[in-house]
Amino acid sequence: MNRILLAICGAAAALGGGCFLEEFRAPPVGAPLDACQGLDSNPLLPVSFSLEIMPILMRDEKMAGCSCHQPGSANTKGLEETELDPSSHGSLMRGGTKTRTDIVIPFDPCRSMLYLKLVSPPFGGRMPDSGPPYLSAAEAQLFHDWIAEGAFAN
């Protein structure tokens, strides 16, 4: 499509006409998925599942949390649709009906569906589904680094 628009603009310019290509450009959608870097941003500072990741997972969805995947939550739409239960390390690592064990691939955040759904999903919507708000860049980096470090249950 962009090649066609460029050809049309080139022809219009050659004929002495103007071209307003800017109005035809697609809006920026972020870095391509293959731009993901799988390395821990700070290997000297380990990320704790229990102290840093779990509190974010347990937050209400209005605070960019995962409460719709939590058993006993007022809204369990996510849990019902996907069977993804992030209420413990073990249940999170088992994944849901759509993600299975691809939810968290230890040492590989760029292929881990949990991280990808938080920043740039390859399918479906970005999480939380009720967002915005979404996780801050620093919070998303915590998930990235936790997975890059091996996604341990510490």
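For this chain, numbers begin at 1 and follow the sequence in order.
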[X] versus [Y]: any side-chain heavy-atom pair under 4.5 Å?
| X | Y | answer |
| --- | --- | --- |
| F143 | I56 | yes |
| M93 | P106 | yes |
| R59 | L135 | yes |

Among L142, N154, I147, the one residue meeting side chain to side chain contact (heavy atoms under 4.5 Å, CB included) with I53:
L142
How long is the straight-line distance from [atom2] of [Y] back to [atom1] of [X], given to the nearest 0.5 Å?
| X | Y | atom1 | atom2 | result |
| --- | --- | --- | --- | --- |
| E52 | W146 | CD | CH2 | 11.5 Å |
| D102 | D108 | CG | CG | 10.0 Å |
| H144 | C110 | NE2 | SG | 4.5 Å |
| L57 | L92 | CG | CG | 6.0 Å |
| T82 | D129 | OG1 | CG | 10.5 Å |
| L118 | L116 | CG | CG | 8.5 Å |

Are more than 12 heavy atoms, taken from residues, nucleotides or ligands other than R111, located less than 6.0 Å from that residue's CZ atom?
no
Is it the case that the side chain of [X] and the backbone of [Y] share a donor-acceptor pair, with hydrogens and angles ignored and the cut-off at 3.5 Å?
| X | Y | result |
| --- | --- | --- |
| H89 | S50 | no |
| E149 | D40 | no |
| D85 | S91 | no |
| K117 | S112 | no |
| T101 | R94 | no |

What heavy-atom pair brings [X] and [Y] nearest, and what distance separates the two atoms?
| X | Y | value |
| --- | --- | --- |
| S41 | P43 | C-CD, 4.0 Å |
| F49 | P55 | O-CD, 4.2 Å |
| P128 | P133 | CG-O, 3.7 Å |

Under 4.5 Å between side-chain heavy atoms, counting indirect links through other Ile/Leu/Val/Met/Phe/Trp/Tyr residues: same cluster for L45 and L51 or not?
no
Applying the 4.5 Å side-chain criterion to the ILVMFWY set and letting contacts propagate, would Y134 and L84 be lumped into a single cluster?
no
What pairs with N75 under side-chain hydrogen bond (donor to acceptor under 3.5 Å, both in side chains), at least two apart in sequence or on another chain?
E61
Co-members of F107 in a cluster of I, L, V, M, F, W and Y side chains, linked at under 4.5 Å
F152
